[in-house]
Each structure stands twice: as C-alpha cells, then as structure tokens.
Amino acid sequence: MTQTLSPGAPTEPQGPSRRTFLKWSGVAAGVAGLAATTDLGMPDPAQAASTEGLADADRTVWSACTVNCGSRCPLRLQVKDGTIVRVLPDNTGDDTLGNQRVRACVRGRSIRQRIYNPDRLKKPMKRKPGTKRGDEQWEEISWDQALTEIADKMKEIKAKYGNEAFYVQYGTGTLGSVMSCSWPPNATPQARLLNAFGGYLDHYSDYSTTAITQAYPYFYGAWVNSNSFDDVSHAKLQVMFGNNPLETRMSGGGHTFVTQEIKRKHGVRTIVIDPRYSDTSVALGDEWVALRPGTDAALIAGMIYVMVEENLHDQAFLDKYCIGFDEAHMPEGAPVNSSYRSYLEGKGADGVAKTPEWAADICGVPAATIRRLAREIANAKPAAITQGWGPQRHANGENTARAIFLLACVTGNPGIPGGGTGAREGAAGLAIANPFYTELVNPSEKIISCFSWLDAIDHGPQMNTFNAGVGVKPKPGVRALKVPIDENMQPENTSLEVPIKAVFQYASNSLVNQTGNNNESVTILQDESKCELIVTTDIMYTVSARYSDYVLPGTSTSEEFDYHDGANGGPMAYGIVSEQAIEPLYETKSIFDICTELAAKLDIEQEFTGGKSREDWLRLTIEESRKKDPELPTWDEWKKMGIYRRNAGPVIAMKDFREDPQANPLSTPSGKIEIYSERLAKMAKVWEFGVFRPVLAGDVIKPLPEFVATWEGALEAQENKDYPLQVIGHHFKGRTHSTYGNVKMLKEAHTQTAWMNPTDAEQRGIKNGDAVYVFNERGTVQLRAYVTQRIIPGTVSIPQGAWYKPLPSADFSLPKGADGKHPVDIGGSVNTLTSLHPTPLAKGLPSHTVLAQIAKAESGALEKIEDVYYKPYSANAAGISKED
C-alpha cells in the first residue's frame, strides 16, 4: 500500500513504514499490562483467551468504560476481597462483523488506575474563605454541611436573579449512561434537579461539533450522519477529511475493527485529507493529502471547479435534490450570480475564479494533485466521503463542514449504498427510552452555545441572538439550534436577562482546560462578583476542580450500576448493563444520591426522584424501551448477559429522501438540500460582530459554503512574523479528551509532545525530544518536541486534553517574543494557546485556529517537565491525603 504525499508535505515518496510507525507508537518498555498489545493498542485476542484473569477471584462483574470517545466498551471486573484486581475484555460474540466482540482499548483496560488513582476525590471540600479559585486551599467538610451551604446559596441566587442564572456546565466525562450521565445537558441528574427547582439556562451543541451542528440546519435541515463504515464495502473510493477513528474511536469492537475489517476484505482505496499523517492514514490510507489547516473549503472549490469544467459533476442529482448550485436553481429573489457555480466561475462578489491554481496557493496542495483528485472522486461511483470533527473546529468551521457536504452532493452520493452525505459516519443503535429525563421538562426556554458560558458570566444581559447566538430551545431530541424565523424569512431576536451566577458541573473538566484560552478563563472565574457559585462533582481532582467553590466526590462506574448505549460505526447495535463491582470508596456518592440529598435540602426531593430509586428508574427505562422493541432483554436478563447485541445492518443515510424527495422532504424551508441558504443570507444582514470582542477576519456569515480567510488562519500565518506557525490539537491514544489524562501508565506510554516538521525544527535548532516552548500572546506551554515528517510544514499539533499545569513565568528563561505576563503551562494543554473568540454562526470554539511560535527551551527544562508531569495533580491540595 502506497501513501502518496502532497507537496508542502514531506518529500519522501512513501509514508513511514509500518515497522517504524509501530516503534514510534509502541508502549514504553516495562509498563505492566500494556506489553501484550497489537498495533493501535488493541488486545491480542489469542492471548486474551488464554489469560482469563485470576482463577481465585471472588466474582467477575460487567462494567463499562463510559468516556466520550464515540464508542462504549464493556469491561469485566474481577473482584477479590472487595478490591478490583483484574480488568478483562468482552468475551462474548466473535470476530464476525455485526456480532463482534467489543474489546476495550488501552484506555479502558487501564481503568483500575483511574479507580485507585491518587487524584481520587475522597471527601467533600470547600474553598477556604479569603482565597481565590485556583489557589487550591481547601477545607474538608461533611456532606451535610456541603449540601446545606450549596442549597442555601441556590435559594439566595434564585431569589435575587431567577432561574436563568443557573447553568449546567458542558462536560462529557461520563457518557452513554442513563443515571450517571454528564451530557447532553438536559439528560443529566443535575438538569433534572434544576428543572424541579424552576429551570436553568440550557446550552446547545457540544465542544466536539459546535460548528457542524449549526451548519446542518442550513444545508440538510437537521443533523444527519453519513453511511456507516461497514457500508464502505459498496464504495469504489473512500475519502476522509480529517477523520481519524483509529485514534479517536479505537475500541476493538468499534471503529477500529469495522474499518480494518472492511479494508482487509474489500480493499477499498482510501484517501485521507489531513494536515497530519494520522494513525488512520497509516492503517487505512492509500494516499495522504496534506493540506494547510482550515483550508478544506478552498481545496473542495478547486476540485469542484475541475468537475464542472470537465462535466464530471452529477448535474441530475443537483437539479432534482438541491437548490443553489447554479443560477437556474436558486430561491426566488436571490441576487443574480449568487449560486455556487457563479462563485466558482468568478461571477460572484469576489470576482475570482476558483481554479486549482487559486486553491493551491491557499491549501498547499499542488494544482496538478487537485485536478487528479477531482477526476478520481467524481469518477468513483459511488464514493464514501466523510469528515471528522477536526475540520469544523476552525474559525468559520461552519463553512468548512458545508463544503464537505457539498462535495458529496456534487458527486451524487447521498442516500445510496457505498455513498454518503459528507458528514461523519453513522452507526446502528438500539432505541432506548429515557423516562427519567423526559418526564420533567426545563421551564426555561433560553439556550446559548456551549462555548458561550464564559461570556454569559461576563456580560450575560448584553447577549442576544444576533450578537451571541442566544436562541429558544429546540424540541426534545433535536440537536441543532434553529434560530427562529418569522413568516417573512426574517430571523427573530432573543436576549438574556441576567448573567450566569451559579455553575454546576459533573464529570466535566471544562471550566478550565477543555474550554479556550486557559489564562483568560481563569481570570473570569476568579472574579467572584461575576459567578457566585461553582460546584464540581467528579471522581478526580481535575484542573477544573481547582477553580470551584465546592468539590464533591462522586463514584466511578465500578461503584455504580447503570445502562450504557454502544456505538461502533458499523452494523452491530448493542447496549451494556453494568453492575456495581465494589462499595463506594472513601466518602464518595453517586450523582443520583447527591442530587437526591440536595433536592431534600431544597424541599423538592419528591419532584426529583419521582418516588423511585435509581434501580426503579433503570428498570422503567428498559420496560419502556421493550414496548417499542420487544426483542430487547428484560432488566434482570440484561444484568446477567452484560452486553446485548444484534446485527442491524448497514446505515444508509437519507435513503428515503433519495428514493422519494416529495414524500420525504428535508426540514429545510425548501424541503431540498440547500447549497445556497436563504436563511443565512437573511441572518448575515442582522448578525452583529464586534460587540464583545474586536471584529476579526472571517467574522462573516455566507449563504454559500465558500472558503473564508480567517484570523490566525493559513493565509495570515504566511504574513505573521511573530507567530508564523499554525497550531492544531489532535485527539490522543493516551486520553479521551482529558479523561485518563492523569493515569501514570498511559502518560508513560503516550508522552505529550508538540508535533513539528523537520523543516520547521531545523530552522529553530530543535531536535527530536528537545524541550520547547510553544507560545503566543495568550500563553506559553512547555513540552517535548516530536520532530516528524508526519505533519505538514508550517503546522504544529499538540494532543488536546493534557492537564493545564501553570507555573510562574519568573521561574523560566523565556525566549524572545514569549509573553511573561502569563504563567508557563508545563502540562502542555493546547488550550493555553487557543482563543475565546467564537465562530461566526454557531458561536463555537475555533480550537484549531491558532498561530504561535516555537523555540528551544533552556537546559534543565526536561527535568522540570518530568518532575511535575508524573506527580499526582492533587499534590498541593491542602490537607488531603494522596495515598490510595
């Protein structure tokens, strides 16, 4: 298999060899429990079968890894003398696609190191009076005192500001569960508690998909997936834009197994378009097209220009199913020459033809390559085109997402086997009811972007639809916010009335660390005149816990029982019922019990519990689900099985629409795919920028999926002498976001490094393994350099999710241009460098739109990194024991 590299990328004719790759990604020597892994960290099934744990264990119970990787893996926990002594993988099913074993990856298999971690929260803690959030000065208090004081403060805030002042912070540390779930916000125990208390300010979308979530309504009408990965067997070509499931969703029974099995059996040619030569490129890719970050829409415009020029596009599909591609298929009243074809031909407002040469200057892919790719993609009938969620995490990522949708449409691929919508892959699933959350609705209708919560603390009453994306809540089950439009297609405006005054977060590290601009986030949170109450419930003393007023110790999955949905990118639908393996450690409580006790303090216990126990609600969940799907096991049957699976066949997205668009119209105003969005054209006229921050390049809304040059984007990088490198943050095998980020064995196996091309390293005198500073005006991180041809020149990639660890800048000899006003983060969090400036439409996080500089650190820096990197994060939490 040959990996063809694009110019601007390494000049070698082939990518790294598989042997070299495995050496690079192999686990550190001597790390117990990880030696018996195959490539990509998957357990060897032969060895797993022969080492079924401890023969003298007291019992083995089903549990699950519930982190937000996109999969959900069962675990079998062996218990002896009340302690978990071994973690085993799924031993049911087989290696048949649709009935496969769901083998957990190295993260899930290391869960013992999470359960018995020195950073486990043990007792309720209260920030000492007179100290700042982040000073890490704590008092241990009783549960009764903690919940009484929190309840009293909640009553005070409600009386003074009303329920709009309460907010459930975004977080996905516990996902795919029913009773212990941290997202979506309206399906969490804290949300139900606040619903019973009178409501709260809700948020839409998530940090992973804010821009694409808000792009969907204006193109397809609502969220749609693409076809499932097993359907790629029907494709002649697979094209993946920034889609990297073998690192982000690497469970053995999930995306890793499905994608590799399809590749092994069917050999479908795969092109991966990404600034970084990801593990998915290594294992699946036949060609790597390396482009500059954030320039996908330009590359696509160049390819579609060739398709139209050579009559390779699917005009029949565009005529029947779409509006806006050419002047003959525009909404009534649209301006002349406002179609996408006019944009391509230079007849639009900018007057520039989108030739391959034009695109090459922007994206760094040669014009000849763009022409070849255009012909290959257009002539592959069908082609499976998907996008991961990295491309849309840029400023104006909404346009990038729509551009990739458009490529799928121009080639006629939606709604057919082997094709797809240009979205991320779908997956079969079980239809599970959720009565605990659906029976008690939030009385408040206001909703903000998940990324706007710091703005709502800082200047909430100034925020409205037009300047901050404030909206009215969508109906239950609808992921995308739809800005209200009146009968004249005019957007309506909604305003906040009060700022956020109380923040509750459960299984979330998004106060600081997973949001943007760590240093600015800390500054906002430390002002107690703005946000008056921050309560964190978690199992770990996370970065965000440092900046809280009360920290409540929660239970891990092993100390609870629950139901968990599964997802694998293929035909197998499955679900897991987990059992409680051990008694809760220390003084920890489940989130259901915490909310029940807090509800009692607020005199709403009956409203919160509905008169039912945790198990009552879980039994009801399965009973209600069985009414629609009688084949599902009962609760008691499922507990014995652990995992229930069925082959549900491939997912073919938009199949009904393709077969009969009149009978199955989309939820766009036209009922068709809207390449040109009349709603966005209207919104562009009233949207306000520059209200809270300066207007920057790219702060525009476009009715077409055009390429838009943005602040700190690829074009600015070529002109910026102070910060000439684009910085992106990729997902990492050693963590799921920040979860597992404090597990020592994983940190030893997967070191936090800044990926950089040898060309950039040589210019700066940096060698592989050197300690370096990566810095801009927002902050400085110190970590090791990973010098590799696996990333395009001019770009640095720092694995996202590392735990922010600021030290005084005075302790460092900073290079010229580094900002000494902020601390130096030796944890290596990429969000020390990112911005709080939101994307224009979704008001989402543009975490891959960053410019920075990189320089070699002073001698002795490596020792400082190593010394702090491997200590427990709670080492300076006053008065708290760090022993297991």
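Here the structure is a predicted model, which is why all the values come from computation and not from measurement. Only heavy atoms go into these numbers, but all of them, side chains included; no hydrogens, no water, no symmetry mates.
Look at R402 and E674 and you find no salt bridge, because none of the NZ, NE, NH1 or NH2 atoms lies under 4.0 Å from a carboxylate O. With salt bridges taken as basic N to acidic carboxylate O contacts below 4.0 Å, none links R371 and E376. Ion pairing between a basic and an acidic side chain is recognised when a charged N comes within 4.0 Å of a carboxylate O; R372 and E287 show such pairing. Ion pairing between a basic and an acidic side chain is recognised when a charged N comes within 4.0 Å of a carboxylate O; R341 and E327 show no such pairing. A salt bridge does not link D314 with K320: none of the charged nitrogens is closer than 4.0 Å to a carboxylate oxygen.
The backbone N or O of N244 sits nowhere less than 3.5 Å from a side-chain atom of S278 that would complete a donor-acceptor pair. A donor-acceptor contact shorter than 3.5 Å links the side chain of K446 to the backbone of S495. In this structure a side-chain-to-backbone donor-acceptor pair under 3.5 Å is missing from D231 to P417. Put simply, the side chain of N399 gets close to the backbone of E706: a donor and an acceptor are under 3.5 Å apart. Side-chain atoms of Q392 come within 3.5 Å of backbone N or O of I212 as a donor-acceptor pair. Side-chain N or O atoms of S667 include one that pairs as donor or acceptor with a backbone N or O of G221 at under 3.5 Å. Within the 3.5 Å criterion, the main-chain N or O of L407 finds a donor-acceptor partner in the side chain of T411. One N or O on the side chain of N227 and one on the backbone of I416 form a donor-acceptor pair closer than 3.5 Å. Side-chain atoms of E398 come within 3.5 Å of backbone N or O of L841 as a donor-acceptor pair. A distance-only check finds no donor-acceptor pair linking the side chain of W358 to the backbone of V352 [under 3.5 Å].
Heavy-atom minimum distance, L496 versus A456: CD1-CB, 4.2 Å. Taking each heavy atom of G420 and A408 in turn, the nearest pair found is O-CB, 3.6 Å. Heavy-atom minimum distance, S677 versus L680: OG-N, 3.1 Å. Counting all heavy atoms, side chain and backbone alike, A428 lies closest to G649 at CB-O, 4.3 Å. Summarising the geometry of S71 relative to R249, their closest heavy-atom pair is OG-CB, 4.0 Å, with the distance given to 0.1 Å. Closest non-hydrogen pair, G418 versus A235, comes out as O-CB, 3.3 Å.
Between the side chains of N68 and T172, at least one donor N or O lies within less than 3.5 Å of an accepting N or O. For the residue pair E712 / N720, no side-chain donor-acceptor distance below 3.5 Å is found, with atom types taken as modelled. Of the N and O atoms on the side chains of S339 and D326, not one donor lies less than 3.5 Å from an acceptor on the other residue. A donor-acceptor contact under 3.5 angstrom links the side chains of D206 and T209, judged on distance only.
In summary, the aromatic rings of Y216 and F405 are positioned with their centroids under 6.0 Å apart. Annotation: H234 is not in aromatic contact with H266 [ring centroid separation under 6.0 Å not met].
At a threshold of 4.5 Å between non-hydrogen side-chain atoms, the residues L291 and I273 count as touching. A 4.5 Å side-chain heavy-atom check between W453 and Y170 finds every atom pair outside the cut-off. Proximity of Q214 to S205: side-chain heavy atoms (C-beta onward) are separated by under 4.5 Å at one or more points. Side-chain contact between P331 and I323 is present, with at least one heavy-atom pair separated by less than 4.5 Å. For the pair I370 and L373, the minimum side-chain heavy-atom distance is 4.5 Å or more. Taking the side chain as every heavy atom from C-beta outward, H730 and T248 never approach each other to under 4.5 Å. Two residues are said to be in side-chain contact when any heavy atoms from C-beta on lie closer than 4.5 Å; Y204 and T213 fail this criterion. The shortest distance between side-chain heavy atoms of I300 and F241 falls below 4.5 Å.
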How far apart are the C-alpha atoms of T400 and D296, what are their side-chain angles, what is the distance that settles it, and do they pass the side chain to side chain donor-acceptor pair (under 3.5 Å) test? CA-CA 6 Å; T400 299; D296 305 70; 5.1 Å; no
Using the side-chain contact (heavy atoms from CB on, under 4.5 Å) rule, take E445 and T494 through it: C-alpha gap first, then chi angles, then the decisive distance, then the call. CA-CA 10 Å; E445 302 233 335; T494 301; over 6 Å; no
Could you walk me through whether Y676 and H329 pass side-chain contact (heavy atoms from CB on, under 4.5 Å), step by step? CA-CA 10 Å; Y676 175 95; H329 299 85; over 6 Å; no
Run the side chain to side chain donor-acceptor pair (under 3.5 Å) check on N831 and T834 step by step: do they pass? CA-CA 5 Å; N831 279 327; T834 61; 2.8 Å; yes
May I have the step-by-step check of salt bridge (charged side-chain N to carboxylate O under 4.0 Å, His left out) for D361 and R292, ending in yes or no? CA-CA 10 Å; D361 287 343; R292 294 176 182 136; over 6 Å; no
Could you walk me through whether T421 and N225 satisfy the side-chain contact (heavy atoms from CB on, under 4.5 Å) test, starting with their C-alpha distance in whole Å, then the side-chain angles of each, then the deciding distance to 0.1 Å, before giving a yes or no? CA-CA 7 Å; T421 64; N225 292 313; over 6 Å; no
Candidate pair H737 and Q514, rule side chain to side chain donor-acceptor pair (under 3.5 Å), full reasoning: CA-CA 8 Å; H737 304 304; Q514 296 306 104; 4.6 Å; no
Under the side-chain contact (heavy atoms from CB on, under 4.5 Å) rule, what do T839 and T210 come out as? Steps first, then yes or no, please. CA-CA 9 Å; T839 64; T210 319; 5.6 Å; no
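The side chain to side chain contact (heavy atoms under 4.5 Å, CB included) search around P293 returns P275, H394, Q726, I728, T795, not counting sequence neighbours. Annotation: ring pair (Phe, Tyr, Trp, His ring centres under 6.0 Å) contacts of Y321 (sequence neighbours excluded): F317, F657. Applying the ring pair (Phe, Tyr, Trp, His ring centres under 6.0 Å) test to H837 and every residue at least two apart in sequence or in another chain returns W711.
To the nearest 0.5 Å, atoms CD (E425) and OG (S226) are separated by 8.0 Å. Rounding to the nearest 0.5 Å gives a distance of 5.5 Å between OG of S208 and NE2 of H731. To the nearest 0.5 Å, atom CG of residue L666 and atom OH of residue Y220 are 9.0 Å apart. Here the straight-line distance linking atom CG of L696 with atom CG of N396 works out to 12.0 Å at 0.5 Å rounding. Between the CD1 atom of I673 and the CZ atom of F325 there is a distance of 12.5 Å, given to the nearest 0.5 Å. Here CD1 of I304 is found 6.5 Å from CG of L344. Values are rounded to the nearest 0.5 Å.
Under a cut-off of 6.0 angstrom, the local environment of NZ in K347 is sparse, with at most 12 non-hydrogen atoms contributed by other residues, nucleotides or ligands.
By the 30° and 60° cut-offs, the orientation of the rings of W389 relative to W223 is perpendicular.
The side-chain contact (heavy atoms from CB on, under 4.5 Å) test with Q238 is passed by exactly one of V268, V272, T259: V268.
Relative to the six-membered ring of Y343, K354 meets both conditions, a distance below 6.0 Å and an angle of at most 45° to the axis.
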